[in-house]
Amino acid sequence: MGVEVLTIEQRAKLSDVIKKAESSTSAEILPMVVKDSMASSQRDMHLAIILAFQGLWILGVLWVLLILSIQTLFPIVVASLSLFWAASVLLYAGKILKSMEKENVKDRALLEFKNSGITETISSTGVLLFVSLRERQVFVLADKAINDKVDEGTWQEVVDKTVKGIKKESLEEGLAEGIKALGEILSKTCPIKENDQNEIS
């Protein structure tokens, strides 16, 4: 994503966007941005895969150098196999790691959803807009009172608008667009009530 860290001024602007979005709904919107969603054990696995790939690649290159000095069949076969296995490890690891990324982000979003206090609103109307920068993933999680009223694909519009803004190299713009989209959806599914109070700062 290559986006900047939010400045104090940008956070203040986003706070205003949230206030405006929440002015027509009794729901509570909480945006959250994390650097990545990977657990430390997964980082170790990534490192092990990268080291295995590098080791096989180096072995292949060494055998190629040996081939140049000793022109026999054995080093050619070993070099070919080493390079083949290095490429296979890279392709296989890439597919596995890519498939794990979305699950990692979803798991982290669920964890933050529970730990953030957004599930403790009086009417169960909290919504988390979760962005994981390294994985380039966005998730929207809503509490029970809202989830019961919306279709399964409702949040995709919010995700799309958030990603579109972030792709323009502006995290602030992406979050603002996502928050505005959330405000529009929530104003219909969870309209503002009399004497509504802000429960999440």
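In this structure, the side chain of Thr162 engages the main chain of Val158 through a donor-acceptor pair within 3.5 Å. Checked by atom type and distance alone, the side chain of Glu22 pairs as donor or acceptor with a backbone atom of Ile29 at under 3.5 Å. Gln10 places a side-chain N or O within donor-acceptor distance of the main-chain N or O of Thr7, the cut-off being under 3.5 Å. A distance-only check finds no donor-acceptor pair linking the side chain of Thr25 to the backbone of Pro191 [under 3.5 Å].
Listed by first and then second residue, the side-chain hydrogen bond (donor to acceptor under 3.5 Å, both in side chains) pairs that reach into residues 106-119 are Arg108-Glu112, sequence neighbours excluded.
Placement of Leu111 and Val131 in two distinct hydrophobic clusters is found when ILVMFWY residues are connected by side-chain heavy-atom separations under 4.5 Å, directly or transitively.
Judged as a side chain to side chain contact (heavy atoms under 4.5 Å, CB included), and not counting sequence neighbours, the contacts of Ser24 are Ser187. Applying the salt bridge (charged side-chain N to carboxylate O under 4.0 Å, His left out) test to Glu184 and every residue at least two apart in sequence or in another chain returns nothing.
Between Leu30 atom CG and Leu129 atom CG the span is 9.0 Å, to the nearest 0.5 Å. Taken from CD1 in Ile185 to SG in Cys190, the straight-line distance is 12.5 Å, to the nearest 0.5 Å. Atom CG of Leu14 and atom CG of Leu171 lie 7.5 Å apart (nearest 0.5 Å). Here the OG atom belonging to Ser23 is positioned 12.5 Å from the CD1 atom belonging to Ile18, to the nearest 0.5 angstrom.
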Below 3.5 Å, can you tabulate the donor-acceptor pairs from side chains in residues 140-149 to any protein atom, sequence neighbours excluded?
from, atom 1, to, atom 2, distance (Å)
Lys144, NZ, Asp148, OD2, 3.1
Asn147, ND2, Ala142, O, 3.1
Lys149, NZ, Thr189, O, 3.3

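Counting heavy atoms from C-beta on, the side chains of Glu28 and Ile118 come closer than 4.5 Å. In this structure the side chain of Trp155 reaches within 4.5 angstrom of the side chain of Val150, judged on heavy atoms. You'll find the side chain of Arg134 stays beyond 4.5 Å of the side chain of Lys35, heavy atoms only. A 4.5 Å side-chain heavy-atom check between Phe130 and Val105 finds at least one atom pair inside the cut-off.
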*asked:* Walk me through whether Glu157 and Lys161 qualify under salt bridge (Lys or Arg N to Asp or Glu O under 4.0 Å).
replied: CA-CA 6 Å; Glu157 178 190 342; Lys161 288 187 176 180; 3.4 Å; yes
_Evaluation steps, side-chain contact (heavy atoms from CB on, under 4.5 Å), between Lys164 and Glu177_ = CA-CA 9 Å; Lys164 187 177 178 183; Glu177 290 302 313; over 6 Å; no
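Between Val33 and the choices Ile166, Leu175, Val138, the side-chain contact (heavy atoms from CB on, under 4.5 Å) rule is met once, by Leu175.
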